[in-house]
Asker: 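Below is a structure I'd like to ask you about.
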Amino acid sequence: MRDPVVEYSLRLADNCVILGQRLSEWCGHGPTLEEDIALSNIALDLIGQARMLYAYAAEREGEDRDEDQLAFLRDCREFRNILLVEQPNGDFGRTIMRQLLFSAFMHPFWQAMTGSRDETLAAIAAKAEKEMAYHLRHSAEWVIRLGDGTDESHRRCRNALEELWDYTGELFETDAIENALIGNGVAVDPASLREQWQKTVENVLAQATLTCPADGYMQTGGRQGLHSEHLGHILSEMQFLQRAYPGGTW
């Protein structure tokens with residue numbers, strides 16, 4: 001049986017690398033030069049977090065794989081990211097709404113993970129928590145600006161919220177692997193963060209004159225390797241170079 005810390009690290013890393021890849025699609029296409037740079041920097045933060053988590057997973061795994069191989073040479077069904085992060089960017093409002101929903105969870109998550117009994121994960125969390133605080137502030141300010149802006153920006157934000165809400169339930173899912181790590185003080189119980197996440201999101205949405213959707217059916221399956229059609233397209237671009245030129249280095 002695989003080391004549960006390896007599996008947990010890969011799940012976190014996959015979330016970061018896939019969302020980082022998604023945000024990097026905005027590079028050169030941002031609505032303003034400043035925002036183009038901001039989204040690229042957020043993407044780099046996430047990819048940096050993914051690198052640390054992949055490197056740790058590879059070290060514990062002990063199978064002579066490195067961070068690049070874990071990111072670029074695993075197939076779609078091996079990725080364990082949640083479905084929210086692989087959803088298409090859409091317009092700027094949709095991208096920024098996805099970022100709010102994710103960051104509002106990950107900021108308190110990394111804060112809590114600084115107390116992990118696993119010293120490496122705690123150290124990664126200490127760095128990631130500061131970055132995620134900026135991601136949350138940035139996305140919240142934009143959601144408020146767009147939601148409380150023109151009729152068109154409000155409409156687009158509202159539609160994005162309604163479309164993405166069904167993917168938020170997966171943020172709070174656990175399974176036997178995570179429950180064991182939670183019991184050992186290595187992982188954080190996501191259920192303990194739900195109230196804070198809900199309060200943060202509702203506060204931002206209220207300022208944006210948007211209404212929090214009611215919970216209903218929630219999409220799931222990412223942690224079991226059951227992904228939407230979008231992940232394959234992401235990986236085809238992200239992994240092309242390494243698969244076309246195996247072992248290539250800069």
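Reckoned from all heavy atoms, side chains included, excluding hydrogens, waters and symmetry mates.
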Asker: Which value, rounded to the nearest 0.5 Å, describes the distance between Asn179 atom CG and Asp189 atom CG?
Answerer: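 Separation between the atoms: 7.5 Å.
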Asker: Looking at Arg94 and Glu163, is any side-chain nitrogen of the basic one under 4.0 Å from a carboxylate oxygen of the acidic one?
Answerer: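 Answer for the salt bridge query: yes.
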Asker: Between Pro108 and Gln196, what is the shortest heavy-atom contact and its length?
Answerer: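 For Pro108 and Gln196, the tightest heavy-atom pair comes out as CB-OE1, 3.5 Å.
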Asker: Tell me, please, whether Phe72 has Arg243 positioned over its six-membered ring: NZ or CZ under 6.0 Å from the ring centre and within 45 degrees of its axis?
Answerer: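 Not satisfied by the 6.0 Å and 45° rule.
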Asker: For a quick check under 3.5 Å, do Glu173 and Thr220 share a side-chain donor-acceptor pair by atom type?
Answerer: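 The answer is yes; a qualifying pair exists.
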Asker: Just how far is it from atom CZ of Arg51 to atom CG of Leu70, taken to the nearest 0.5 Å?
Answerer: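 Reported to 0.5 Å precision, the distance equals 12.5 Å.
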Asker: Would you give the length of the straight line joining atom NZ of Lys127 to atom OG1 of Thr114, rounded to the nearest 0.5 angstrom?
Answerer: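 OG1 of Thr114 is found 15.0 Å from NZ of Lys127.
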Asker: Does the side-chain contact (heavy atoms from CB on, under 4.5 Å) test come out yes or no for Val85 and Arg22, once each step is laid out?
Answerer: CA-CA 8 Å; Val85 300; Arg22 267 292 185 229; over 6 Å; no
Asker: Ignoring hydrogens and geometry beyond distance, is a side-chain donor-acceptor pair present between Trp142 and Glu35 at under 3.5 Å?
Answerer: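 The answer is yes; a qualifying pair exists.
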Asker: Using every non-hydrogen atom in the two residues, find where Ala43 and Gly20 come nearest and quote the distance to one decimal.
Answerer: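 The pair with the smallest heavy-atom distance is CB-O, 3.4 Å.
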Asker: Supply the atom-to-atom distance Leu53 CG to Leu121 CG, rounded to the nearest 0.5 angstrom.
Answerer: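 That separation rounds to 7.0 Å.
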Asker: State, to 0.1 Å, how close Arg74 and Leu235 come at their nearest heavy-atom pair, and which atoms those are.
Answerer: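 Closest heavy-atom pair between Arg74 and Leu235: O-CD1, 4.5 Å.
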Asker: Using the benzene-type ring in the case of Trp, are the ring centres of Trp197 and Phe109 under 6.0 Å apart?
Answerer: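 They do not qualify: ring centres at least 6.0 Å apart.
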Asker: Do Asp36 and His29 have a side chain donor and acceptor closer than 3.5 Å?
Answerer: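 Per modelled atom types, Asp36 and His29 side chains form no pair under 3.5 Å.
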Asker: When rounded to the nearest 0.5 angstrom, what is the spacing between CD in Glu7 and CG in Leu10?
Answerer: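 Glu7 CD to Leu10 CG: 6.0 Å, rounded to 0.5 Å.
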Asker: Applying the side chain to side chain donor-acceptor pair (under 3.5 Å) test to His227, which of Arg80, Glu86, Arg77 qualifies?
Answerer: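 Among Arg80, Glu86, Arg77, the one that satisfies the side chain to side chain donor-acceptor pair (under 3.5 Å) with His227 is Glu86.
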Asker: Is it true that a side-chain atom of His230 and a backbone atom of Pro88 form a donor plus acceptor pair closer than 3.5 Å?
Answerer: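 No, His230 side chain to Pro88 backbone: no donor-acceptor pair under 3.5 Å.
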Asker: If hydrophobic clusters are built from ILVMFWY residues whose side chains come within less than 4.5 Å, do Ile182 and Ile124 share one?
Answerer: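 In one cluster with Ile182: Ile124, no.
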Asker: What's the verdict on side-chain contact (heavy atoms from CB on, under 4.5 Å) for Asp148 and His154, showing C-alpha distance, side-chain angles and the deciding distance?
Answerer: CA-CA 6 Å; Asp148 193 26; His154 179 90; over 6 Å; no
Asker: Taking all heavy atoms of His135 and all of Ser103, pick out the closest pair and write down the distance.
Answerer: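 Closest approach of His135 to Ser103, heavy atoms only: CB-OG, 3.6 Å.
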Asker: Does a salt bridge link Asp3 with Arg60, judged by any charged N lying under 4.0 Å from a carboxylate O?
Answerer: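 Yes, Asp3 and Arg60 are salt-bridged.
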Asker: Please determine if Glu202 and Lys199 form a salt bridge, counting it only when a charged side-chain N lies under 4.0 Å from a carboxylate O.
Answerer: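 No, no charged N to carboxylate O under 4.0 Å.
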Asker: Which pair of non-hydrogen atoms, one from Asn89 and one from Glu25, has the smallest distance, and what is that distance?
Answerer: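 Heavy atoms of Asn89 and Glu25 come nearest at ND2-OE1, 3.0 Å.
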Asker: With a 4.0 Å cut-off, would you call Asp175 and Arg11 a salt bridge?
Answerer: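 Salt bridge between Asp175 and Arg11, a charged N being under 4.0 Å from a carboxylate O: yes.
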Asker: Ser116 side chain to Val186 main-chain N or O, any donor-acceptor pair under 3.5 Å?
Answerer: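 The answer is yes, because a donor-acceptor pair under 3.5 Å joins these two groups.
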Asker: Report whether Leu44 and Leu19 are members of the same hydrophobic cluster (ILVMFWY, side-chain heavy atoms less than 4.5 Å apart, transitive linking).
Answerer: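 No: no chain of side-chain contacts under 4.5 Å links Leu44 to Leu19.
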Asker: Are Gln87 and Leu164 close enough that some pair of their side-chain heavy atoms sits under 4.5 Å apart?
Answerer: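 Yes, side chains in contact.
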Asker: Please report the interatomic distance CD(Gln111) to CG(Leu193), rounded to the nearest 0.5 Å.
Answerer: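 The CD atom of Gln111 sits 9.5 Å away from the CG atom of Leu193.
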Asker: Knowing that exactly one of Ile47, Leu23, Ile37 qualifies, which makes a side chain to side chain contact (heavy atoms under 4.5 Å, CB included) with Ile42?
Answerer: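 For Ile42, the side chain to side chain contact (heavy atoms under 4.5 Å, CB included) test succeeds with only one of Ile47, Leu23, Ile37, which is Leu23.
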Asker: Check the side chains of Asp68 and Tyr54 for a donor-acceptor pair under 3.5 angstrom, ignoring hydrogens and angles.
Answerer: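 Judged by distance alone, the side chains do not pair up.
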Asker: Would Ser153 and Arg145 satisfy side-chain contact (heavy atoms from CB on, under 4.5 Å), going step by step from the backbone distance to the final call?
Answerer: CA-CA 9 Å; Ser153 66; Arg145 193 178 307 170; over 6 Å; no
Asker: If every non-hydrogen atom of Leu83 is compared with every non-hydrogen atom of Ser228, which pair is closest and at what distance?
Answerer: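 Shortest heavy-atom separation between Leu83 and Ser228 comes out as CD2-N, 4.0 Å.
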Asker: Are a donor atom and an acceptor atom from the side chains of Gln219 and Glu170 found within less than 3.5 Å of each other?
Answerer: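 Checked: Gln219/Glu170 side chains show no N/O donor-acceptor pair below 3.5 Å.
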Asker: Can you tell me how the ring of His138 sits relative to the ring of Tyr134, calling it parallel under 30°, perpendicular over 60° and tilted otherwise?
Answerer: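 Judged by the thresholds at 30° and 60°, the geometry between His138 and Tyr134 is tilted.
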Asker: Determine, stepwise, if the pair Phe105 / Val201 fulfils side-chain contact (heavy atoms from CB on, under 4.5 Å).
Answerer: CA-CA 9 Å; Phe105 174 82; Val201 171; over 6 Å; no
Asker: Could you tell me whether the side chains of Thr95 and Trp26 share a donor-acceptor contact shorter than 3.5 Å?
Answerer: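 Looking only at side-chain atoms, Trp26 and Thr95 do form a donor-acceptor pair, the distance falling under 3.5 Å.
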